[in-house]
Structure formats: C-alpha cells, structure tokens
Amino acid sequence: MARLVMKFGGTSVATIERIRNVARHVKREVEAGYQVAVVVSAMSGKTNELVGWVNEASKLYDPREYDAVVASGEQVTSGLLAVTLQNMGLPARSWQGWQIPISTDDAHGSARILEIDGTAVTARLEAGEVAVIAGFQGIHLPSGRITTLGRGGSDTSAVAVAAAIGAERCDIYTDVDGVYTTDPRMVPKAKRLKRVAFEEMLEMASLGAKVLQVRSVELAMVHKVRTFVRSSFEDADAPHMGTAEAAGTLICDEEEIMANQMEAEVVTGIAFARDEAQVSIRRVADKPGIAAAVFGPLADAHINVDMIVQNVSADGFTDITFTVPSADFERAKAALEQARAAIGYETLEGEGDVVKVSVIGIGMRSHAGVAAKAFQALAAKGINIRAITTSEIKISILIDAAYTELAVRTLHSLYGLDS
Ligand code: ADP
Ligand code: ASP
Ligand code: MG
C-alpha cells in the first residue's frame with residue numbers, strides 16, 4: 001500500500017481545534033487508502049517561548065540541555081494529535097525522535113540527520129496505525145542525548161521520514177497554500193507557483209524564503225522526494241482535496257517541469273534575507289596573499305563569508321567589502337581587529353542594517369541581461385547597491401534595509417511576476 005508523509009507546521013497545530021482540523025486531513029488520506037506518517041511541529045510560538053526560557057535561565061547554556069528543553073514542544077503536539085485521531089476512531093500513536101530512532105550527529109541546536117531506521121514505524125504502518133512523529137528532534141545515539149535540527153527543522157524531519165519509509169509524496173501543510181513568487185505577506189500580488197525545481201527551491205530557501213527549511217530541500221533533492229507545499233486551512237473534506245486538483249506547489253525535478261511547459265520562466269521568484277551584515281576594510285595593500293590574510297582569520301573562527309566585493313586599486317591600495325551572518329557580526333569584527341597588524345588596513349567599518357534581495361530562476365541559464373535589467377530598475381528608484389553576487393540561476397543584491405519592500409516589489413513587477 002502506498003505511503004504518505006503529512007507535515008503540519010506550528011500555526012496548523014496552534015490550538016486543540018486546529019489539531020482536530022489536522023486530524024480530519026489525516027483521516028481523509030487514511031480513508032483514501034494511504035499508510036500515513038504525520039510529522040508535527042510545536043504549537044505556534046511554543047519553541048520561541050522555550051528558547052526564551054533557556055536564555056533566561058543561563059546566557060551560557062549547555063547546548064544539550066537547550067535541546068532537552070526545546071524538543072519538548074513537539075512531544076506535546078505529537079501526543080495531542082495521537083489522542084485526537086484515536087478519538088476519531090483511527091488507530092494512532094506518537095513517536096519521539098529517540099523512539100524511532102532518528103539518529104543525528106551531536107551538533108546540538110542544529111544537528112544533521114545521519115540515519116532513520118524505518119523498521120519499527122513501517123511495521124506499525126503496515127498494521128494500519130497512523131504514526132504521529134515529533135518533528136525537529138532526533139537522538140545522538142553514542143551519547144543517548146536528544147538533539148534538535150535547527151529552527152524550522154520539522155520540514156527536514158518530514159522529508160527524511162518520507163525517504164526512510166519510501167513515501168510516494170511528502171505533503172507540507174502550512175499557513176499558505178503553496179510557494180509564491182515572493183513572500184505573500186510582503187507582496188500581495190505574489191502568485192502561487194504550480195511547480196518549482198529542487199534547485200530553485202534550494203536557492204529560494206537559502207536566500208530567505210523560510211517556507212521550507214534549507215536542509216529539507218537538500219534532502220528532497222538528493223532522495224528525490226516529491227514534496228508538495230499546501231494549506232492546512234482549506235476544508236479538509238472538500239472534494240478536490242485528495243486529488244491532483246488540490247491547490248499547492250510541487251517541488252520536483254526540472255525534467256518534470258519541462259514536461260509540463262515548453263520553456264522555463266526566466267525568473268521564478270524573489271527572496272530576501274535580513275540576517276546578513278556588511279563589513280568593509282579600507283586601504284589594504286593590493287598584493288598577493290591579502291585575501292588569505294583577511295578571510296583566513298574568519299574561516300578559523302568558523303564564520304561564513306557570503307558576498308565579497310573588492311574595489312579597483314588606487315595607488316596600490318584597495319577596499320574590500322563582504323557580508324557575514326548577522327549573528328557573527330561582532331565576532332567577525334573582533335577577529336579582524338585582532339588580525340589588524342597582519343592585514344594592515346586603515347579602517348574597519350560595519351553595517352548591520354542591510355538586506356540581501358535575490359532574483360532566482362533556472363531560466364536565467366539561457367538568458368542574458370537579467371542582471372543588468374535589475375540594476376537599472378533599482379537605480380531608477382534611487383536604491384543604492386552595496387554588493388552583488390551571481391550564480392547560474394540567481395542574482396543577489398545587498399541594499400539598505402529601509403528599501404527592502406520597494407526593491408522586492410520593483411523586481412517582482414520587473415520580471416512580470418505580479419498576478
Ligand atoms: P510552518 O509553521 O507551517 O512551518 P512557516 O512560517 O515556517 O510555516 O512558513 C510559512 C511562511 O513562509 C508563510 O506564512 C510565508 O509568510 C513565508 N514565506 C516566505 N517566503 C515565501 C514564499 N516565497 N512563498 C510562500 N511563503 C513564503
Ligand atoms: N518548532 C520548531 C521551530 O519553531 C521546528 C519547526 O517548527 O519546524 O523552529
Ligand atoms: Mg516552517
């Protein structure tokens with residue numbers, strides 16, 4: 001019998017009434033003949049509250065205990081949904097990460113899944129029981145300690161479970177009915193995409209579209225898990241819900257997209273990320289080895305550098321500008337202050353109030369001039385570009401945070417994405 005994974009995010013399980021609604025979605029799929037594994041998040045706001053409590057208890061906390069605390073939100077919802085399903089006459093039980101087990105490494109707070117042993121769960125699925133799995137958590141088997149997968153990690157749990165039990169599809173139920181050309185909360189004209197290629201979704205998620213956790217898209221791409229993003233707020237029993245007509249966005253192979261349309265759109269979507277900060281060092285000698293002198297200390301401090309711009313050199317000196325995650329901003333400045341003698345720069349400047357806006361689309365591979373068009377449009381609106389990076393399928397532009405909305409809306413219209 002075919003298997004299905006259904007994942008429900010925080011807003012979808014925010015109250016007991018909403019958990020009942022989730023149970024109706026599950027019942028529909030069980031009655032359609034699927035063996036169903038459900039993955040749940042904590043009730044909306046719960047994880048933030050738990051994280052807050054840990055920080056209040058101790059600024060320098062033991063990350064193993066952080067995980068012990070924050071994993072508890074999902075334990076609650078898995079039990080509540082199992083009880084609700086049982087009450088509706090469906091056999092169901094809850095599974096914590098350690099009970100399956102979902103084995104991870106020991107990077108507490110952002111652990112990676114190493115392996116999922118699907119044996120116990122599949123035996124119970126075969127026996128007709130719904131598995132309600134707590135998302136976001138796993139276990140580091142050698143130490144026996146609970147781990148969590150990083151914020152938004154229930155998406156990753158769901159895709160990993162789908163791969164482990166050989167599910168036909170992984171349905172991600174959330175508070176929007178699919179992946180949009182940009183965050184529909186910022187741009188009401190954004191339109192829902194019917195299909196998005198794994199690669200594009202990976203770019204969109206890494207560049208700020210938090211509708212799916214980045215790791216979940218990587219896993220879906222590697223294991224070829226067809227992932228369908230859809231809304232839990234639609235009537236669970238509407239006739240089209242269990243059919244191919246259901247509203248949502250399928251994340252799939254590029255081939256599947258090409259089979260359904262003649263040509264890929266040039267631009268699929270616009271994403272933005274507020275979690276980067278800009279660092280500039282002025283008047284560094286323009287000579288071999290300088291980039292190594294600047295970026296070596298940052299690498300040693302495990303700080304990821306993203307966008308890099310080096311000015312043309314004047315009288316043998318140049319300026320270097322780059323971005324780092326906002327969370328590492330202070331550490332990056334400290335590392336560079338410490339290496340000042342070795343690098344030999346004049347001033348070190350930082351700017352935290354910046355945003356990276358990105359234009360994404362696999363169609364860009366075969367179209368020239370996409371970037372030039374963006375630069376002109378932003379210039380016409382008086383938006384200054386601080387840094388640029390490009391790849392085959394994306395252009396990222398760093399701007400002042402105050403212009404985020406204007407830039408996103410401008411680019412959205414420019415590439416014909418307004419509905
Ligand atoms: P969940 O709690 O179900 O995991 P999230 O809040 O993590 O839900 O993700 C859903 C949210 O992602 C939406 O409410 C929306 O504001 C945001 N989002 C950002 N970019 C996009 C996009 N391109 N398409 C759809 N939603 C997006
Ligand atoms: N509850 C976790 C979080 O808020 C995991 C998730 O919702 O995906 O980050
Ligand atoms: Mg989420």
Side-chain angles (χ1 to χ4, degrees), residues 6-14 18 22 25 38-52 54 66-67 69-78 97 109-111 133-138 147-161 170-194 196 200-217 227-233 247-249 251 267-275 357-361 404 408 411-412 417 419:
M6 306 172 74
K7 180 258 170 177
F8 294 89
T11 38
S12 305
V13 294
R18 289 195 184 163
V22 163
H25 283 285
V38 189
V39 173
V40 287
S41 290
M43 287 170 157
S44 153
K46 196 58 184 173
T47 310
N48 285 345
E49 184 181 42
L50 296 168
V51 169
V54 176
Y66 166 95
D67 277 350
V69 175
V70 302
S72 66
E74 273 72 11
Q75 173 158 346
V76 172
T77 40
S78 61
S110 58
I133 300 169
F136 183 52
Q137 52 165 274
T147 54
T148 62
L149 311 179
R151 298 307 303 272
S154 295
D155 297 328
T156 302
S157 310
V159 173
V161 166
C170 179
D171 281 353
I172 305 280
Y173 286 82
T174 181
D175 56 3
V176 276
D177 62 355
V179 177
Y180 279 68
T181 45
T182 193
D183 190 340
R185 285 183 207 279
M186 178 182 280
V187 182
K189 282 182 183 164
K191 53 177 191 250
R192 177 156 49 83
L193 296 157
K194 208 167 160 50
V196 181
E200 283 173 321
M201 193 64 232
L202 193 55
E203 291 284 8
M204 284 180 72
S206 355
L207 296 169
K210 296 209 166 88
V211 58
L212 288 176
Q213 200 199 31
V214 180
R215 271 294 285 153
S216 73
V217 187
T227 304
F228 191 57
V229 180
R230 57 190 302 185
S231 169
S232 71
F233 294 116
T249 303
I251 321 295
V267 170
T268 304
I270 315 286
F272 54 92
R274 300 178 197 276
D275 47 7
V357 178
S358 305
V359 177
I360 300 137
T404 312
V408 172
L411 296 171
H412 198 265
L417 301 176
S419 56

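Just so you know, ligand 1 is whichever comes first in the structure, and atom 1 is the first atom listed for that ligand.
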Asp175 N/O under 3.5 Å from ligand 1 N/O: yes

Side-chain donor-acceptor pair present, Glu200, Thr268, cut-off under 3.5 Å: yes

Is the shortest distance from a heavy atom of Ser41 to ligand 1 less than 4.0 Å? no

Tell me if a side-chain donor or acceptor on Ser206 pairs with a main-chain N or O of Leu202 at a distance below 3.5 Å. yes

Taking only heavy atoms of Lys210, which atoms of ligand 1 are found under 4.0 Å from at least one of them? 7 (O), 9 (O), 19 (C)

Please determine if Lys7 has a nitrogen or oxygen closer than 3.5 Å to a nitrogen or oxygen of ligand 1. yes

Take atom 6 (O) of ligand 1 and look for protein heavy atoms under 4.0 Å from it; say yes if you find one, no if not. no

Counting from 1 in the order shown, the ligand 1 atoms closer than 4.0 Å to a non-hydrogen atom of Tyr180 are 22 (C), 23 (N), 24 (N), 25 (C)

Phe136 CZ to Thr147 OG1 distance, which is reported to the nearest 0.5 Å: 9.5 Å

Ring geometry between His25 and Phe8 (parallel below 30°, tilted from 30 to 60°, perpendicular above 60°): tilted

Residue and atom name of the nearest protein heavy atom (relative to atom 3 (O) of ligand 1), distance in Å to one decimal: Thr174 OG1, 2.7 Å

Does the pair Ile172 and Cys170 meet the rule for a side-chain contact (heavy atoms from CB on, under 4.5 Å), with working shown? CA-CA 6 Å; Ile172 305 280; Cys170 179; 4.0 Å; yes

I need the nearest protein heavy-atom contact for atom 25 (C) of ligand 1: residue, atom name and distance, please. Gly178 O, 3.4 Å

Classify the contact between Ser154 and ligand 1 as side chain, backbone, both or neither, using a heavy-atom distance cut-off of under 4.0 Å. neither

I need the nearest protein heavy-atom contact for atom 15 (C) of ligand 1: residue, atom name and distance, please. Asp183 OD1, 3.5 Å

Any nitrogen or oxygen of Gly10, main chain or side chain, under 3.5 Å from a nitrogen or oxygen of ligand 1? yes

Establish, from distance only, whether the side-chain atoms of His412 and Thr181 form a donor-acceptor pair under 3.5 Å. yes

Regarding Ser216 and Thr156, is there a side-chain donor-to-acceptor distance under 3.5 Å anywhere? no

The protein heavy atom nearest to atom 16 (O) of ligand 1 is Arg185 NE, 2.7 Å

Just to be sure I read this right, does ligand 1 sit under 4.0 Å from the backbone of Thr181, its side chain, both, or neither, counting only heavy atoms? neither

Going through the checks in order, is the side-chain contact (heavy atoms from CB on, under 4.5 Å) test met by Lys7 and Val38? CA-CA 6 Å; Lys7 180 258 170 177; Val38 189; over 6 Å; no

Mind checking the OH-CG spacing from Tyr180 to Leu193? Nearest 0.5 Å is all I need. 9.5 Å

Listing by chain and number, which residues have a heavy atom under 4.0 Å from ligand 2? Ser41, Ala42, Thr47, Glu74, Phe136, Arg151, Gly152, Gly153, Ser154

Do Met186 and Phe272 come close enough that some side-chain heavy atom pair is under 4.5 Å? yes

For Ala209, the atoms of ligand 1 under 4.0 Å from one of its heavy atoms are 20 (N)

Got an N/O contact under 3.5 Å between Ser12 and ligand 1? no

Region of Val176 engaging ligand 1 - heavy atom pairs below 4.0 Å: side chain

Would a distance-only check, ignoring hydrogens and angles, find a side-chain to backbone donor-acceptor pair under 3.5 Å from Arg230 to Thr174? no

When you measure from the side chain of Thr148 to the backbone N and O of Gln137, does any donor-acceptor pair fall under 3.5 Å? no

Closer than 4.0 angstrom, basic N to acidic O: yes or no for Arg18 and Asp175? no

Within-4.5 Å side-chain heavy-atom neighbours: Met204 and Val179: yes

With atoms numbered from 1 as shown, which atoms in ligand 1 lie under 4.0 angstrom from a non-hydrogen atom of Val211? 9 (O), 12 (O), 26 (N), 27 (C)

